[in-house]
Each structure stands twice: as C-alpha cells, then as structure tokens.
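Residue numbers count from 1 along this sequence.
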Amino acid sequence: MKFKIVKRCHEDLGSIHGLLKSFLPFARKRMGFNKPPTIFFQSDDTNAKKLLGKTAHYDPTTLNVTVYITGRHPKDVLRSLSHELVHHGQNCRGEFGRTSDTSPVYAQKDNHLRGMEIEAYREGNLCFRDWEDGVKMNKIQISMPLKESLLREEEPEEELEQIQEKTY
C-alpha cells in the first residue's frame, strides 16, 4: 500500500520521513485499514503559540490526516499521527457513519464517539510504543544512519542558574 505524504510546512521532515518508511506499514498492519490515507504535515505558527492548539485531525470524508508540526518534537508528531491513523482505521470499518457530531465537545456528548476516542488514544499510543520498542530492540529495521542518529546522545544543555518552583 502506498501512502501519499504532502509537505505543507517549512520544517525539515528528513528524520520523520525516514521513520515513516518503517512506521506506516507497521501501523497499517496493526490497525488493519484497507485504504491509504493522505497525510499532510502542516506548519501553523499561530497554532503553535496556543497552549491548547491543534496537534492533528482526521477528515473521514477525504481520508486526509493533517498533523501540525511547528514547534513539536518528531516523536510527538508521530504519536499524533498514530492516533489519527486509528481514526482512519475506524473509518475504513464504517464507524464514522453512525454519527455526524463534530462539535468541540463531541467526545463528551456522544457515547459512540467517546468510545472511538478511547480506542484512538489506547491503540494509537500502544502502536507507536510497540513500533518504537521494536526499533530500539532491533526487531524492526530502519536505515543504519537513521538508527545511529536516534541512538546518539545529545549534548546536555547548560543548566539554568535557578529554577523557580511552583505549586499548583
């Protein structure tokens, strides 16, 4: 199955693109969807500044997944993608045909959509975690240069002189 990836961003997708070659077939096999989604990687500087900005969304009518990447860690981007791929799998199974509520609190008002969200959080995170662990344990192969870059430790940042502790 071929996946269409559309870059609508100014960020470099080099490392993410390399990981997608391994992750997308793994996710497809795990989730069992039978049609390829189109995946958009989207820049949105305004959204990135919002504390509760969008991370990703799925459009069941077009089979499009949009993942916002501005200011985000690649691992977080892939985890959001995994969540939306669960929704794509649900759509391929006909789950979206039961409801049309897309209001901001749809997961609180509609029991069916609530169940779909529970599945997406559970299965999306577990799929990504299992793939990540498989890569780290050499059970899932990725290119050697990419693997070496994943395992390389970053230089520690300079410590801040003082950290203000807050209690909430």
Side-chain angles (χ1 to χ4, degrees), residues 1-9 11-44 47-48 52-143 146-147 150:
M1 175 180 293
K2 297 250 185 203
F3 292 88
K4 183 176 180 183
I5 310 294
V6 179
K7 183 179 179 195
R8 290 183 174 166
C9 59
E11 292 85 355
D12 177 28
L13 294 179
S15 61
I16 290 175
H17 182 72
L19 296 173
L20 290 174
K21 289 180 182 181
S22 172
F23 177 68
L24 288 173
F26 180 88
R28 187 216 153 290
K29 183 176 180 184
R30 170 73 67 90
M31 297 173 196
F33 48 84
N34 56 3
K35 299 175 210 161
T38 300
I39 301 167
F40 294 90
F41 287 102
Q42 181 74 47
S43 289
D44 189 331
N47 180 63
L52 297 177
K54 297 176 277 188
T55 56
H57 61 85
Y58 176 67
D59 183 341
T61 60
T62 61
L63 310 182
N64 291 344
V65 172
T66 301
V67 183
Y68 296 91
I69 66 168
T70 307
R72 296 179 67 197
H73 191 283
K75 184 173 175 175
D76 183 46
V77 168
L78 292 173
R79 194 178 296 111
S80 291
L81 173 60
S82 189
H83 176 100
E84 299 307 326
L85 289 175
V86 174
H87 288 316
H88 178 64
Q90 292 166 335
N91 189 31
C92 289
R93 295 191 317 253
E95 294 291 316
F96 276 90
R98 297 185 187 177
T99 186
S100 61
D101 187 359
T102 58
S103 67
V105 292
Y106 68 87
Q108 288 75 31
K109 296 189 323 187
D110 183 307
N111 286 337
H112 176 69
L113 289 176
R114 179 71 167 194
M116 289 173 64
E117 276 301 305
I118 290 168
E119 179 187 359
Y121 278 104
R122 183 185 64 236
E123 298 305 321
N125 280 321
L126 286 173
C127 177
F128 181 76
R129 176 64 185 262
D130 290 347
W131 173 82
E132 178 186 7
D133 289 347
V135 168
K136 289 177 178 177
M137 301 299 295
N138 292 318
K139 293 180 180 181
I140 297 174
Q141 299 302 312
I142 60 173
S143 73
L146 187 55
K147 178 136 187 167
L150 293 175

Report the residues that fulfil side-chain contact (heavy atoms from CB on, under 4.5 Å) with P36, sequence neighbours left out, ordered by chain and then residue number. M1

Does N91 reach the side chain of H87, with side-chain heavy atoms less than 4.5 Å apart? no

Salt bridge (Lys or Arg N to Asp or Glu O under 4.0 Å) partners of residues 56-84, not counting sequence neighbours, each pair once: R72-D76, K75-E132, D76-R79

List for me each residue that meets side-chain contact (heavy atoms from CB on, under 4.5 Å) alongside P25, sequence neighbours excluded, and say none if there are none. none

I need the T66 OG1 to D44 CG distance, nearest 0.5 Å. 11.0 Å

Does any part of the side chain of L63, heavy atoms only, come nearer than 4.5 Å to the side chain of H88, both counted from C-beta? yes

Sequence neighbours left out, what pairs pass salt bridge (Lys or Arg N to Asp or Glu O under 4.0 Å) with at least one residue falling in residues 25-42? R30-D130

Is any side-chain heavy atom of I5 less than 4.5 Å from a side-chain heavy atom of F40? no

Results of side-chain hydrogen bond (donor to acceptor under 3.5 Å, both in side chains) for R8 - residues two or more places apart only: none

Polar side-chain atom of H112 near backbone of E95 as donor-acceptor pair, under 3.5 Å: yes

If you count every heavy atom of other residues, nucleotides or ligands that lies below 6.0 Å from R129 atom CZ, does the total exceed 12? no

Taking only residues two or more places apart in sequence or in another chain, which ones pass side-chain hydrogen bond (donor to acceptor under 3.5 Å, both in side chains) with N47? none

As an exercise, state the distance from CD of E119 to CE of M31, rounded to the nearest 0.5 Å. 9.5 Å

For V86 and A120, which heavy atoms make the closest approach, and how far apart are they? CG1-CA, 3.5 Å

Spacing of OG belonging to S80 relative to CD1 belonging to I69, to within rounding of 0.5 Å: 11.5 Å

Can you sort out the partners of L126 under side-chain contact (heavy atoms from CB on, under 4.5 Å), two or more places apart, ordered by chain and number? R122

Begin from the C-alpha positions of L81 and L20 and carry the test side-chain contact (heavy atoms from CB on, under 4.5 Å) through to its verdict. CA-CA 10 Å; L81 173 60; L20 290 174; 3.5 Å; yes

Note: S82 and G124 closest approach over all heavy atoms is OG-O, 2.7 Å

Can you tell me if H83 and Y58 form a side-chain donor-acceptor pair at under 3.5 Å? no

Name all residues meeting the side-chain hydrogen bond (donor to acceptor under 3.5 Å, both in side chains) criterion together with T70; count only those two or more places apart in sequence or in a different chain, and write none if there are none. E11

Taking only residues two or more places apart in sequence, or in another chain, which ones meet F23 in a ring-ring contact (aromatic ring centres under 6.0 Å, His included)? F128, W131

Roughly how far, to the nearest 0.5 Å, is the CG atom of L19 from the CG atom of L13? 11.0 Å

Identify, with sequence neighbours excluded, every residue that meets ring-ring contact (aromatic ring centres under 6.0 Å, His included) alongside F3. none

Once side-chain hydrogen bond (donor to acceptor under 3.5 Å, both in side chains) is applied, do any residues pair with Q42, and if so which ones, sequence neighbours excluded? none

